[in-house]
Each structure stands twice: as C-alpha cells, then as structure tokens.
Amino acid sequence: MVQRYDPHTIEPKWRARWEADNLYHAADDDPRPKWYALTMFPYPSGDLHTGHWYAMAPSDVAARYKRMRGFNVMFPMGFDAFGLPAENAAIKRGIDPRDWTYANIDRMRGQLRLMGASFDWERELVTSDPDFYRWTQWWFLELYKHGLAYRANAAVNWCPGCQTVLANEQVLDGRCERSDDIVERKFLTQWFFRITQYAEELLRFDGIEWPESIRTRQANWIGRSEGATLSFAVDAPGIDDRLTVFTTRPDTVFGATFMVLAPEHPLVARITTPAQRAAVDQYIAATGRATEIERLSTEREKTGVFTGAYAVNPFNGARIPVWIADYVLVTYGTGAIMAVPAHDQRDFEFATKFGLEIVPVYSHQSIDTAAPLAAAFPHGDRMINSGDFDGTPEAEASAKLVAFAQAHGLGESTVTYRLRDWLISRQRYWGAPIPMIHCERHGIVPVPEDELPVLLPEHVTFQPTGQSPLTEIESWVNVPCPIDGGPARRETDTMDTFMCSSWYQIRYADPHNPERPVSRDAAHQWLPVDQYTGGGEHAVMHLLYTRFFWKAARDMGVVEGDEPMKRLFNQGVILGPDGNRMSKSRGNVVAPDDQVAKWGADAFRCQLMFVGPWDQGGPYNPTGMAGIVRWLNRLWSLVVEPVSRGKAEADATRALRRATHQAIRATTEELEHFRFNTLISRLMEHTTAMQRARDAGAVDPAAWDEAVKTAVLLTAPLAPHIAE
RNA sequence: GCGAGGAUGGCGAAAUUGGUAGACGCACCAGCCUUAGGAGCUGGCGGUUAACACCAUGGGGGUUCGAGUCCCCCUCCUCGCACCA
C-alpha cells in the first residue's frame, strides 16, 4: 500500500528530526567555505504574519541552495526586542514590557519553527537580553571613546504620541515613522552619533551588490552638495559678528540683494533692531508653532520679517537688508543664505512679495535682463553686473569666484551634506540604558566597562511624561561617580532601538562570547554577511545606520572590510487577497498558522513564491494554492509509486533526460537570481515530463532514477519536508 | 515639480543579446472516473472567423527582414525625493 502525500504527517516528523540532529547549526570549525545568509530579524509583535513568511521563506530557499552547493551556511534568527509597542502594552494593559515581549517571543519562536526554515537556533539572540545589550552599551562607550558619540543641544524632532525624540530618518513627511503623529520641533540636549563623519564614505558602494534604488535613496538622503561658504560683515553699530552662508552658486554673489536667516539662527536676537524687535519676536513665535509639515509645504506662500539689520556684500560693498524667513532651515548649511532673486526662484518669490531688489548677474540669449524679470532664471550665458568678473561664462564662473574669495579671505569652497548626525536618545523605558553618568564635579562620566551591563530596572511605573520612566526610580538613578565615588546620577534616556539592529549581524558570528561583542576569529570567519534579505523600507534607517556602524567598528579594529553586507535583496510587500495591506480591520488577513494547518508548510512556502517575482510583492492568491498542492501531489506520486521499468522508446528516454537536465540548469540559474516563481514553473514542467514518460509505458530505469533523484534534489530548497 | 519603475488573456504572470507573444499556474468549459470531493485524470481556453486568415503586449508615430523588447511623443499607475540655498 503506497502512502498518500500527507504534509501533516511528514512535516512535523522531519522538523523534529532536523532539530534532534542539530542539522542546521553552522559550526565554526567546518572546513567548507562559509556563507552567511541573513534575513532581517522580526520585532516580537506577538504574531508571526504572512509578511514574515514572505520575507523569510525565500531567504531560507536561498540558504538551503547554498548549503547544497557545498557551503558552510550560517542562517541565524533572533528578535529585535526593544521598542515602543512593549511599552505601550504596559501603559494600556498594565503588562510589564519584559513579560509582554518574552511571551511574544516564545509564541513566535514556535510559529517560526513551522516554516521548516534552516535557522541555526543555537545562535539565536534577543536584543533585550542583558547578554546582548551589555554589548550594545559597550559599543556606545567605544563610540564615545572614539569621539563618535556626543551630547549636544540641538533642534530635534519630538513625537508627541511616542513622547520621545526621533532621529531625522524616523520622520516621514513630517510625521513619526511609527505612530504617524505630526512631529514637533524642540531644542533639547541629546546624545548623537557622528554619522556625518562617514558621509563621504557612505556615498560609495564599492564592492557590494545592493539594489540601485537603495543606493540612490541613501545618496539622496546624504545629500552631498558642493559649493562655497561666504562670509558677510554685519553692518550694525557695536556688532562685529559675520554672517556665513553656504551657497552652491558663489558665481551669483553679485546678485545677492538681501540675506535670509532661519528664525532660529543664533544671531537673530543680536542683530535685530529695536524698531523691528516686536515683529521679529512675533514671527519667531509663529514659526515655532508651525509644524514641520506646514513649514516645508512648497505651495505655501513665502513669509518673513525684516530684522532691521544690514550686511555688506563683500564683493561689491553693497549694503543689503537681513531678513528672517522660515523657508531657510536652521538645520542645513549655516542656517543662513545670501538671496539671489534673479537666479533662484524661492528668493525671487520672496523678493517679489516684499519689494526687494532683483539684480540679474548673467546675460541670457532669450531674456531681456534690463527689463523686470517674470521669474528667476538659474542659468545664463556670461556674467554681468559683476565688476571685474563681467563676461565670464557660467561654466568658469564659480571656480573663479571661489578662488577670489579664498585669496581675499572672504570664503572657501565647501561641501555640505543634508545628512544630520544620528540622534539616539529616547525618553523611553524599554531600550538599552545609555551607559553614562552625570556628575556635578566631573561632568559626563562613562560607566566603567566592567560594570556593564547597566541593567534596566524592573517593576517600573509608566506615565508618559516626556521623560524617561527611569527618571522616577531614585534608587537606580543615584549612583556614585566612577571617578571619586561622590553623588552622581545616571543618564536616564535609553538608546534608539535601531542601535541594536545596527550590529546584531556581528553578534550572530559569536553569540555567546562573554568577553567581547565578537572575537577576532569569529569575525574573520563569518563576517561580513554574504547575502542580506529584507524590506526596502529600511533604506535610510537600518540599512544606512548599519553601514555607518560597521565602518566605525572597522576603525575600532573590531571587524575587517568596509561593508557589512555584500549582497542585498529587497523583497516586495505581500498584500491581502484584495490587494490591500493585510489588517484585521479589513478582514483580509492570511494567517500562516492557518495555511500550514490546511495545506502544510511546503505548500504555503511554494505558493508565496509562486504568486510573482519576489521583489514585486503583490496580492496573495488563495485560490492558486490548488495548483501548488496538485503539483506536490503529482511529485509525490511519481516518486513513491511504482512504475513499469523496462525497455523504453529511445525518443521517450531522450525526452525525459533532456527535461531533467533542463530542469537542473534552470534551477541553478533561477536560484542565483531569486526568481522563485519561474523556478517553480520549471519544476512543474519537469514533473509533467516525468508523468508523460511514465504514462508512455515502460521507463528506462537509469533515466527514470535520474529524473526522480533530480526532482527531489531540486525541490529540496523550496519544499524541504516533502523532499526529505 | 524632480527622479526611478511599470502598463502583456477573466486573474497572477512568462518571454537570453530584437527572432513562433501568453511558458507555468488559477479560474472557466467539455469529457472521463468515482463510496459526489474544496478529490483525481484527459482535452480546450487572447480576439474576430465555419474555415482560411486577419488582428492583438496602455495610445500614437518611427527604426528593422523581423519590435512586448530599440527610438520619439502622449495617457495612466506605483514608489522614492521634495523650499537643502
């Protein structure tokens, strides 16, 4: 009696066997070449959803493929366990964030096992374990030692919903990336990482294969801009400050007819004249209330106020008014601009509205520069109204102007970046405490390394007050100063959870090391990641932070090489059958556990991969499951049921062998490029070819055995249980 | 506004460097089988047509012996970025 294909019998059986055999543990001393395959680890939200399967199952296929190709594959899994939802659960339902998180992890661990993925569970890590965050804190101290962590007062993004500050990368369209609340601007003293020190290097992607879209988004985010800083004297009695501006168009400096400072610019208070003070103060108050969204709206009409002060254009001695306006951002360049209304549309609109002078400094073949301009024209032919520079063609103008400025001490060529330093303080409880101590006598003192980890206290009360809940715990906050034992206080902010995910892939190489975050040997053996897979939504957050972190770690001598992940693949987003994002409120959720209970893990894995190209995502097709199940059934029958072996037609044998070898070739090709949908279709064709051979009468034993063996091997990465 | 990607049957999608458009699968239709099932098997399935044949890859032009693929224009969709001086 031949057994029928029954995933519910074979799947648990083989998963238990793999675990008992420790089959997928990647040993450090394995002589085969290593392959580090990594899929982004999940946040323990409580339930493993189809999105997780869509990200992880194909990653597992790729990892299994590499294993079959003779690599010593490490494919680890863990949990990105710090973060706000745990704390929100605590506030909402009175559950301890720790209990909530670890209960979720227990549940998700079980759900992950259903996938039949070849995870190396011996290397599992949980970022909220003291064994892990001890090293997160260690990195903080190292960064501090190397001048890459500092505390500063700055304009920061404040999320009123989350009651904490956010990094620039975590603000999307003026809203909190997590809670969607409109972000406010505040001036606070916070901890930063000096990611800008690596801006130039982060723009290079040498030696790594990352998607063009991610590279472009990172490059745009870093926003390198070449130009010059020019220095203008303030023409006011008793004030000898100079106003420094950044411009990409130093060649238009003779057309600078006024200046504009950001309302928050530190010189505003000093240069404002008594007559203008009231208007200026009112304007600053108004813009302070405006949200980032309102301020950045392109449609919005320009606003601004005259400070009463004047500056002197160092190139032509012109006395030009100094205004403040919120279209100038304090966070970019020097927070001040020279306004050239003839050649910059924003300045043009401002000048037109407030009746300021407009002086073109370029001739233009189709514009009458003597008549009033209808709009700014950014590019022209030759310089005019520019003294000795008149007649210079635009292509040569900037270099000439900068050389002049440099020679006369008026300015210099400068590169500016849009990228800001990474703000990592969070006024929240459920994160790794920043290992710093504030002492009245010694200032900021790092916690000595041998006192790590700074443990998160337990049994905390949660009231989102805008301050870390840790502030309330006097017994934790008050500590002796490490220098003289005198009274001091702990830093009560915790670290951005993106800090944990910036280095987790390093820890997987040596997850239980009590001495170091990673040993030299383990780092050398396993790092960097050979193939990283995950969502592209992290383009300018996690994927940028981890590159920065790696480069810093390299410069500390902890890791080798310039990049943390050699190859990156971004899968698409799997949607509900109705084409919308899966959500309980829409009722379009496909739950992996249900699918496994119904069809088996192999079928669900294959169906997710069969719906379309992996990087494209798209709606899940529940009816399509029938095709996958039919295929697995046909495959099973062909392999386990007896066939008539004997003298086959030469043509039939040849056709079978041809189909088998085409399948081998196609599988290799498709797997190398993550084309799982077409891979499955090729395997289906092979299955059909086998059926045809079997139904034609007797099969050639050698060709048949080869076809069976091949079908099983080629299917193994995709549907590991049935293949086993 | 700028940038990138996309538009192929009823549906998801295939299609090296230009070379039989629609592989594979779903759904559907017909038939077979059966203790009638969310089962299995066989065949059909872009459109018009009795057939021959013709038409067909968002729309319009072009290059070419030959275009889903290359070039130009247009429409729509998706995703980034967006007062960055």
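For the C1' atoms, the distance from B:rA51 to B:rG60 is 34 Å, rounded to whole Å. For the C1' atoms, the distance linking B:rU49 with B:rA4 amounts to 44 Å, nearest Å. Across the P atoms, B:rC11 and B:rC55 are found 24 Å apart, a figure rounded to whole Å. If you take atom C1' in B:rG10 and the same atom in B:rG44, they sit 16 Å apart, rounded to whole Å. Taking the C1' atom of each, B:rU42 and B:rG47 are spaced 26 Å apart, rounded to whole Å. Using atom P as the reference point in both B:rG1 and B:rG12, the two lie 29 Å apart (nearest Å). Only the C1' atoms considered, B:rC65 is 26 Å distant from B:rA14, to the nearest whole Å. As rounded to the nearest Å, B:rU20 and B:rU57 have P atoms that lie 16 Å from one another.
Side-chain contact between A:Asn313 and A:Phe254 is absent, with no heavy atoms from C-beta onward closer than 4.5 Å.
Straight-line distance from the CD atom of A:Gln662 to the P atom of B:rA23: 17 Å, rounded to whole Å. Between the CZ atom of A:Arg215 and the C1' atom of B:rG80 there is a distance of 16 Å, given to the nearest Å. If you take CZ of A:Arg581 and C1' of B:rC79, they are 12 Å apart, rounded to a whole angstrom. As a whole-Å value, the separation of A:Lys353 NZ from B:rC83 P is 18 Å. At whole-Å resolution of the value, CD1 in A:Ile324 and P in B:rC83 are 19 Å apart. Between the OH atom of A:Tyr620 and the C1' atom of B:rC26 there is a distance of 12 Å, rounded to whole Å. Taking atom CG on A:Asn633 and atom P on B:rG40, their separation rounds to 7 Å, with Å as the unit. Straight-line distance from the CD atom of A:Glu301 to the P atom of B:rC83: 17 Å, rounded to whole Å.
Applying the salt bridge (charged side-chain N to carboxylate O under 4.0 Å, His left out) criterion to A:Lys353, with sequence neighbours excluded, gives A:Glu301. For A:Asp347, there are no salt bridge (charged side-chain N to carboxylate O under 4.0 Å, His left out) partners two or more places apart in sequence or in a different chain. With sequence neighbours excluded, the residues that form a salt bridge (charged side-chain N to carboxylate O under 4.0 Å, His left out) with A:Glu200 are A:Arg224. Judged as a ring pair (Phe, Tyr, Trp, His ring centres under 6.0 Å), and not counting sequence neighbours, A:Trp704 has no contacts.
Between A:Val540 and A:Glu169, the closest heavy-atom pair is O-CG, 2.8 Å.
Proximity of A:Thr416 to the phosphate of B:rA85: no side-chain N or O atom is located under 4.0 Å from OP1 or OP2. A:Arg692 has no side-chain polar atom (N or O) that falls below the 4.0 Å cut-off from OP1 or OP2 of B:rU42.
Pairs engaging residues 690-699 of chain A under the salt bridge (Lys or Arg N to Asp or Glu O under 4.0 Å) rule: none recorded [sequence neighbours left out].
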ask   = Can you give one letter per nucleotide of nucleotides 1-10 of chain B, going 5' to 3': B for a protein heavy atom under 4.0 Å from the base, S for sugar-phosphate only, - for none?
value = ----------

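Residue order along RNA chain B, read from the 5' end via each residue's closest nucleotide, puts A:Gly627 first among A:Gly627 and A:Gln691. Residue order along RNA chain B, read from the 5' end via each residue's closest nucleotide, puts A:Met625 first among A:Asp695 and A:Met625.
For B:rG9, the glycosidic angle deviates from 0 by 90° or less, giving a syn base.
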Sequence neighbours excluded and cut-off under 3.5 Å, please list the side-chain donor-acceptor pairs for residues 608-619 of chain A, or say none.
from     : atom 1 : to      : atom 2 : distance (Å)
A:Trp614 : NE1    : A:Tyr54 : O      : 2.8

Name each donor-acceptor pair under 3.5 Å that joins a side chain in residues 318-325 of chain A to protein atoms two or more places apart or in another chain, with its distance.
from     : atom 1 : to       : atom 2 : distance (Å)
A:Arg319 : NE     : A:Asp235 : OD2    : 2.5

Got a list of side-chain donor-acceptor pairs under 3.5 Å for residues 571-579 of chain A, not counting sequence neighbours?
from     : atom 1 : to       : atom 2 : distance (Å)
A:Gln571 : OE1    : A:Gly534 : N      : 3.3
A:Asp578 : OD1    : A:Asn580 : N      : 3.0
A:Asp578 : OD1    : A:Asn588 : ND2    : 2.9
A:Asp578 : OD2    : A:Asn580 : ND2    : 3.4
A:Asp578 : OD2    : A:Asn588 : ND2    : 3.4

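Remark: A:Arg567 fails to qualify as a cation-pi partner of A:Trp210 under the 6.0 Å distance and 45° angle criteria applied to the six-membered ring. A:Lys302 forms a cation-pi arrangement with A:Tyr327, by the criterion of a distance under 6.0 Å to the ring centre and an angle within 45° of the ring axis.
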key: Check against ring-ring contact (aromatic ring centres under 6.0 Å, His included), A:Phe306 and A:Phe354   = CA-CA 10 Å; A:Phe306 180 40; A:Phe354 294 105; over 10 Å; no

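Nucleic acid contact for A:Arg224: none, since no nucleic acid atom lies under 4.0 Å from a heavy atom of the residue. Using a 4.0 Å heavy-atom criterion, one finds that A:Arg418 contacts the bases of the nucleic acid, with or without backbone contacts as well.
Residues A:Phe498 and A:His542 place their aromatic rings such that the two centres sit no closer than 6.0 Å. If you look at A:Phe193 and A:Tyr545, their ring centroids are not closer than 6.0 Å.
Out of B:rA23, B:rC81, B:rG38, the shortest distance to the side chain of A:Lys598 is found at B:rG38. Here the nucleotide nearest the side chain of A:Arg634, chosen from B:rG25, B:rA85, B:rA23, is B:rG25. Closest to the A:Val328 side chain, of the nucleotides B:rC41, B:rA85, B:rC24, is B:rA85.
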Return the polar atom pairs (N/O with N/O) between nucleotides 27-34 of chain B and the protein under 3.5 Å, or none.
none

Could you go over nucleotides 11-13 of chain B and give all protein N or O partners under 3.5 Å, atom names and distances?
from   : atom 1 : to       : atom 2 : distance (Å)
B:rG12 : O2'    : A:Val611 : O      : 2.2
B:rA13 : OP1    : A:Gln616 : NE2    : 2.6

task = Could you summarise the pairing of RNA chain B as dot-bracket text, marking Watson-Crick and G-U pairs under 3.5 Å with ( ) or [ ] inside the strand and | across strands?
result = (((((((..(((......[....))).(((((.......))))).(((....)))..(((((..]....))))))))))))....

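A perpendicular orientation is assigned to the rings of A:Phe604 and A:Tyr620, their planes being inclined by more than 60° (bins at 30° and 60°).
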